[in-house]
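To start, the structure under review is shown below, and the notes come after it.
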Amino acid sequence: SSSADASTGDGATAYLGQEIIIASSQNGNLTAYEAMPGDDISFFTSETVDLTPCSECGQLFVNPYAVDYSDEAIIYYPAGATLLRANLKGEGWEELSGISLPGGYGYSALAVSTTPASRLYTAAYSQSDAPKLYRIDGATTATAATGEISIPDAEAGAYVLDIGVNPADADELLVTL
């Protein structure tokens, strides 16, 4: 068997889809590869596309991103307290200005549901307040959050590292603090 490095720098996370592969590295850098048919390591092209929407715009060292399972051309990306959405079919990155965090908060995690499709969950952290969790239905076109979800007994300063969404029921979540 063989292997290949599909990222640059210190790798962070990866998405392996039907048509695209995305690898992230430090400071929110995103690199995309077009998937190719095949059953070995050459299943991606050597041509890469830099998807990073901006440099030095508040990303975390290991910055989360999420690909929409219903349309993997849609990517969600936080930059500090700003949420961005890209449509890789030519529309590029857009700021979701109708979705805003309270002062002192920044995004820490994202997750997308499969059933129902395109429900995005975002988590936000604060050094001095309890973390917040938001739900955005129809996230491929939404311009506002559907609602805030409380995290029972979450302490001030707690950091949401990950959100797990039940693939059969997107109302069921597992949040890692």
Are Tyr69 and Ile163 linked, directly or through other ILVMFWY residues, by side chains that come within less than 4.5 angstrom of each other?
->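 Looking at the clustering, Ile163 is in a separate group from Tyr69.
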In terms of hydrophobic clustering (I, L, V, M, F, W, Y; side-chain heavy atoms under 4.5 Å; direct or indirect links), are Leu133 and Tyr107 co-clustered?
->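 No, separate clusters.
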Less than 4.5 Å apart, side chain to side chain, heavy atoms only: is that true for [X] and [Y]?
X      : Y      : result
Leu173 : Arg135 : no
Ile99  : Ile136 : yes
Glu72  : Tyr15  : yes
Leu51  : Ile75  : yes
Val160 : Thr176 : no
Pro131 : Tyr159 : no
Val112 : Val67  : no
Lys132 : Ser126 : no

Please answer whether the main-chain N or O of Leu30 pairs with a side-chain N or O of Thr52 as donor and acceptor at a distance below 3.5 Å.
->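 Indeed, once roles are kept as given, a pair shorter than 3.5 Å links the two residues.
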Would you compute the distance between atom [atom1] of [X] and atom [atom2] of [Y] and round it to the nearest 0.5 angstrom?
X      : Y      : atom1 : atom2 : value
Thr146 : Arg119 : OG1   : CZ    : 7.5 Å
Asp171 : Ile149 : CG    : CD1   : 8.5 Å
Thr115 : Asn166 : OG1   : CG    : 9.0 Å

Determine, step by step, whether Tyr77 and Arg85 satisfy the side chain to side chain contact (heavy atoms under 4.5 Å, CB included) criterion, reporting the C-alpha distance in whole Å, the side-chain angles of both residues, the deciding distance to 0.1 Å, and the verdict.
-> CA-CA 6 Å; Tyr77 182 97; Arg85 175 178 55 212; over 6 Å; no
Does the side chain to side chain contact (heavy atoms under 4.5 Å, CB included) test come out yes or no for Leu120 and Leu83, once each step is laid out?
-> CA-CA 11 Å; Leu120 175 66; Leu83 185 60; 4.1 Å; yes
Give a yes or no on whether Asp153 atom CG has more than 12 heavy-atom contacts from other residues, nucleotides or ligands under 6.0 Å away.
->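 Incorrect, the count does not exceed 12.
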Regarding Asp68 and Thr140, is there a side-chain donor-to-acceptor distance under 3.5 Å anywhere?
->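 Per modelled atom types, Asp68 and Thr140 side chains form no pair under 3.5 Å.
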Verdict with reasoning, Leu110 to Tyr121, per side chain to side chain contact (heavy atoms under 4.5 Å, CB included) | CA-CA 6 Å; Leu110 304 173; Tyr121 288 98; over 6 Å; no
